[in-house]
2 protein chains.
Amino acid sequence: MVDTLGSSKLGQSAEDYLEAVLVLGQSGHVVRVTDLAERLAVSKPSVVAALASLGGKGLVKHERYGGVELTVRGTMLAEEVYRRHQLLQKFLRDVLGVPDAVAAKDACRIEHVLSPETVERLVEFVREHGNGEPVSLSHMREHLDRPEGKPKRSGR
Amino acid sequence: MVDTLGSSKLGQSAEDYLEAVLVLGQSGHVVRVTDLAERLAVSKPSVVAALASLGGKGLVKHERYGGVELTVRGTMLAEEVYRRHQLLQKFLRDVLGVPDAVAAKDACRIEHVLSPETVERLVEFVREHGNGEPVSLSHMREHLDRPEGKPKRSGR
DNA sequence: TAACATTGTTAGACACCCCTAACTATACTA
DNA sequence: TAGTATAGTTAGGGGTGTCTAACAATGTTA
């Protein structure tokens, strides 16, 4: 097995790193360890370690004290993750009507575990319902009455 | 903070164990390590370790070579997870039209990371759309034509 | 009750992912 | 160019969660 696109299972966080490199790279600037650390809210040593691992898998290039770049394979993988993320976020935001910040956060955490079937369904669903009203407005109004649904976790 | 219901963050798998104890216990039988190991597709030592951890958190009682029981707090937590799981699975299955087996698997993996806001939205969405046709039938039919969308990962 | 089968536990490893402290390299600036 | 500031790295840990191998307790049955 030569290990093409999706075969090497990347573990939760590896995909996050890949996606982050992709997104940061889109700004045109060189992607640095510090940028990644900040974006992922992680220490720089963690970034270095992750990059070493991804480098070993042929997904990123990272020269010492230099910039970070995605390889071709890394780019493909990253874009796949990124698309999934966008899809999910759009779904949560536009279809379910989840607040944007929450949608972003949840998308981050769900994007790695969706099976292809569910992704497909989601694609269609967004295509069809993505521009309508999120849920029903009558229900929305109910929520305006009570400040918080059930603030279990303190974390925002 | 005295650590009421949702405050102690339980880590991905802890919730799975809790939920499994709840479900297995509903059959009326004593819940054994072996049952849990089988249900969660995990080794028995893993179960024992997990139970020790959960025991330390006051969520389960497990006497050596004996049965496993949920404490009151454990039960509350487990039921919360279970409800979330059911909701998610119903959503995936009935609203999105994801095949049942996939819905179950994805629900398992997503249920731990949903924020309360998203859960609420999902509840409403299922309440409103849960009995209609999943996605649109026209699209469904497209899929019947091509056997697989894109079999990236070998897994289901 | 002795022997075997089943069930549960302990011990020891490994993978993943994260952290802090301390050090090194590079960049900036006076 | 010396000195400082910034960026990056290495070393050393910790927590979680999983596994296999080996051992211990319990249960079953002849």
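So that the names make sense, note that chain A is the first sequence line, chain B the second, and so on, each numbered from 1.
Look at B:Ser43 and you'll find a side-chain N or O under 4.0 angstrom from OP1 or OP2 of D:dC19. Between A:Ser46 and C:dC19 there is a side-chain N or O to OP1 or OP2 distance below 4.0 Å. Contact annotation: B:Ser13 reaches the phosphate of D:dG17 (side-chain N/O to OP1 or OP2, under 4.0 Å). Considering only side-chain N and O atoms, B:Tyr17 lies under 4.0 angstrom from the phosphate OP1 or OP2 of D:dT18. OP1 or OP2 of D:dT16 has not a single side-chain nitrogen or oxygen of B:Ser53 nearer than 4.0 Å. For D:dT10, the OP1/OP2 oxygens have a side-chain nitrogen or oxygen of A:Arg64 closer than 4.0 Å. Residue B:His62 places no side-chain N or O under 4.0 Å from the OP1 or OP2 atom of C:dG8.
With the nearest nucleotide of DNA chain C identified for both A:Ala49 and B:Pro45, B:Pro45 has the one nearer the 5' end. Each of B:Val48 and A:Ala41 was matched to the nucleotide of DNA chain C holding its nearest heavy atom; the match closer to the 5' end belongs to B:Val48.
Side chain of B:Thr75 to backbone of B:Thr71: a donor-acceptor contact under 3.5 angstrom is found. Using a distance-only test at 3.5 Å, with no hydrogens or angles considered, no donor-acceptor pair links the side chain of B:Asp106 to the main chain of B:Ala103. Put simply, the side chain of A:Arg73 never gets that close to the backbone of A:Leu59: no donor and acceptor are under 3.5 Å apart.
Regarding B:Arg109, its CZ atom lies at a distance of 17 Å from the C1' atom of D:dG17, rounded to whole Å. One can place CD of A:Gln12 at 10 Å from P of C:dC18, the figure rounded to the nearest angstrom. In this entry the distance linking CD of A:Glu38 with P of D:dT6 reads 14 Å, nearest Å. Remark: C1' of C:dT10 and CG of B:Leu51 are 15 Å apart, rounded to the nearest angstrom. At whole-Å resolution of the value, CG in B:Leu40 and P in D:dT18 are 8 Å apart. In this structure, the NZ atom of B:Lys44 is 14 Å from the P atom of D:dA21, given to the nearest Å. With rounding to whole Å, B:Arg32 atom CZ is found 10 Å from C:dT6 atom C1'. A:Glu63 has its CD atom 18 Å from the P atom of D:dA7, to the nearest Å.
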A:Arg39/A:Val23 under side-chain contact (heavy atoms from CB on, under 4.5 Å): CA gap, chis, key distance, verdict: CA-CA 10 Å; A:Arg39 176 171 229 271; A:Val23 171; 3.3 Å; yes
So B:His112 and B:Gln12, side chain to side chain donor-acceptor pair (under 3.5 Å) or not? Walk me through it. CA-CA 6 Å; B:His112 310 294; B:Gln12 295 274 115; 5.6 Å; no
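Distances were taken from every side-chain heavy atom of A:Val33 (C-beta onward) to each of C:dC18, D:dG8, C:dT9; the shortest belongs to D:dG8. When distances run from any side-chain atom of B:Tyr65 to the nucleotides D:dA7, D:dA25, C:dC18, the shortest one goes to D:dA25.
Contacts of B:Val47 with the nucleic acid, taken as non-hydrogen atoms under 4.0 Å apart, are absent.
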